[in-house]
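Working notes for the structure below.
What you see is a predicted model, and the numbers here were worked out from it, not measured in a lab. Just so you know, ligand 1 is whichever comes first in the structure, and atom 1 is the first atom listed for that ligand.
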Amino acid sequence: MANSCIVGLQWGDEGKGKIIDALTEEYDIIVRYQGGANAGHTVIVDGKKFVMHLIPSGVLHPGKCCVIGNGVVLDIEQLLLEIDELKAAGVEIGGNLFISDGAHIVFPYHKLIDSLSEKQKGDDKIGTTGRGIGPCYVDKMGRTGIRAGDLYFDDYFKERLKSILDHKNTMLTKVYNVDPLSFDEIYDKYRNFAEKIKPYVCDSVDLLNDSLKHNKSIMFEGAQGALLDVDFGTYPFTTSSNATVCGAPAGTGVSPKQIHRVIGIMKAYTTRVGSGPFPTEIEGELGLEIQNKGGEFGATTGRPRRCGWFDAIAVRHAAMINGADSAVVTKLDVLDGQKTLKVCVGYKSGSKMYSRFPTCLSAFTECEPIYEEYPGWDEDTSNITDKKSLPKNASAYINTLEILTGIKVELVSVGPDRKQLFEY
Ligand code: IMP
């Protein structure tokens, strides 16, 4: 069976949730491999909106096995909320949900340090989602984290939490000048949480590899996007995990040889939430028009997303790192009615020209986009259900994106609903 990985090719919010939901039927297992509750994967079914932050987007399909992999940082409070919300909406959550015993737990001190460190950075802040993601990954790499499985070894958990919290409290009181956190409160709360999630916690590495032996197929669900990847994105204005396909083997314990296909999701234009360079950003009226028409407000934080023209250099870089086999273009309908569409085909900085994505932030910050312009279309594309019915200029625009990014477009999405999707 072929296994696929779905990744974002921009700065996140490409519409991965909807596409994962649409493709779920082809797979037995859907596994999240990185990130945490910073993600907000939206799926709309018959006008009803579901936003998943931690649970894989395939959960809306009965009978599919949904796994939160070891590479995810798990905010149990958020997870329990999400389970309650989905259950209340009639979605099955039970034997279909599995949580890796190797997933690192997000604790209250992670969230607190996330917000305090952002405050301290002032104008240089990253603009994080405030979900404690960075501090939790810092502890993972610094080997001072606590994993889901550790919660069930009480002596170990208690001692480890105590020593970690001592250190965090020194930091909170001495560096950030705030009150220390109470060990008893956190310990009791997380002991209680541990009992609540116990039915779902398992050795996900064995589960996934055993499933492969039994010819089950897996979809690896990426969160955020390539340009937010901690290694290949606009560092340090990135998230703290590998949001490219590179994160999937490490975040699941499945060999990279088992990922047969990579599908990249790209919006017909570009958006970015939080700080960091964004050469094709559209300032003023037009930027706001696209923001409103595209509903470009964060699914996790509600923050308005910055909007800009399609950046073919950035997407080509993302496609290369991911080895994307094909792409899905989303939100094409948002560009309906634009007279002219710009696409970035290179950058310039003084007399220097770039045809590739620069690694260093200082170089990228100074880059100005070099644009090519294409004619837009007046027609409403949101009701279109096949490639042949697309306005001529819309097809030409997609063909241009294929040429400039080097990836074949296989699907086009023209609205938020499951049904607004067709083969290209
Ligand atoms: P963090 O992941 O909360 O640490 O935030 C780091 C950066 O990644 C910030 O600019 C966030 O806005 C951005 N970010 C994190 N998750 C997402 C996402 O799911 N979509 C878009 N941007 C995100």
Worksheet item: Do ligand 1 and Gly40 have nitrogen or oxygen atoms that lie under 3.5 Å from each other?
Response: no

Fill in: Identity and separation of the nearest protein heavy atom to atom 3 (O) of ligand 1
Thr129 OG1, 2.6 Å

Worksheet entry | Met52 vs Arg32, side chain to side chain contact (heavy atoms under 4.5 Å, CB included): CA-CA, chis, key distance, verdict | CA-CA 11 Å; Met52 271 69 69; Arg32 270 282 304 272; over 6 Å; no

Worksheet item: If we ignore angles and hydrogens, is there a donor and acceptor under 3.5 Å between the side chains of Thr381 and Asp333?
Response: no

Worksheet item: Around atom NZ of Lys352, are there more than 12 heavy atoms of other residues, nucleotides or ligands at under 6.0 Å?
Response: no

Discussion item. I'd like to check which ligand 1 atoms, numbered from 1 as shown, lie under 4.0 Å from a non-hydrogen atom of Ala39.
Written reply: 19 (O)

Item to complete: For residues Thr271 and Gln10, determine if any side-chain heavy atom of one lies less than 4.5 Å from a side-chain heavy atom of the other.
Response: no

Discussion item. Looking at ligand 1, is there an atom of it that comes within less than 4.0 Å of some heavy atom belonging to Ala223?
Written reply: no

Worksheet item: Would you call the rings of Tyr374 and Tyr397 parallel, tilted or perpendicular, where under 30° means parallel and over 60° means perpendicular?
Response: perpendicular

Worksheet, complete the sentence: Closest to atom 17 (C) of ligand 1 (heavy atoms only, candidates Gln224, His53, Arg131) is Gln224

Response to the item:
Among non-hydrogen protein atoms, atom 10 (O) of ligand 1 lies closest to Val273 O, 3.1 Å

Response to the item:
Closest heavy-atom approach to atom 21 (C) of ligand 1 among Asp13, Val230, Thr301 is made by Asp13

Worksheet item: What atoms of ligand 1 come within less than 4.0 Å of a heavy atom belonging to Ile126?
Response: 6 (C), 10 (O)

Worksheet item: If we only count N/O pairs under 3.5 Å, is Thr128 in contact with ligand 1?
Response: no

Worksheet item: Are Arg303 and ligand 1 in contact, using a heavy-atom cut-off of under 4.0 Å?
Response: yes

Worksheet item: Looking only at side chains, do Tyr269 and Glu296 share a donor and an acceptor under 3.5 Å apart?
Response: yes

Discussion item. With heavy-atom distances below 4.0 Å as the criterion, list the atoms of ligand 1 near Gly127.
Written reply: 9 (C), 10 (O), 11 (C), 12 (O)

Practice prompt. Check whether more than 12 heavy atoms from other residues, nucleotides or ligands sit under 6.0 Å from atom CD of Glu185, and answer yes or no.
Written response: no

Worksheet entry | Glu82 and His53 side chains, donor-acceptor separation under 3.5 Å | no

Worksheet item: What about Asn38: any of its N or O atoms under 3.5 Å from an N or O on ligand 1?
Response: yes

Discussion item. Checking contacts here: is it the side chain or the backbone of Trp11 that comes within 4.0 Å of ligand 1, counting heavy atoms only? Could be both or neither.
Written reply: backbone

Worksheet item: Any N or O of Thr238 that comes nearer than 3.5 Å to an N or O of ligand 1?
Response: no

Discussion item. Taking CZ in Phe422 as the centre, count heavy atoms belonging to other residues, nucleotides or ligands within less than 6.0 Å. Is the count above 12?
Written reply: yes

Worksheet item: Of Ile133, Leu228, Thr239, which has the heavy atom at the shortest distance from atom 13 (C) of ligand 1?
Response: Leu228

Fill in: Gln78 side chain vs Leu54 backbone, donor-acceptor pair below 3.5 Å
no

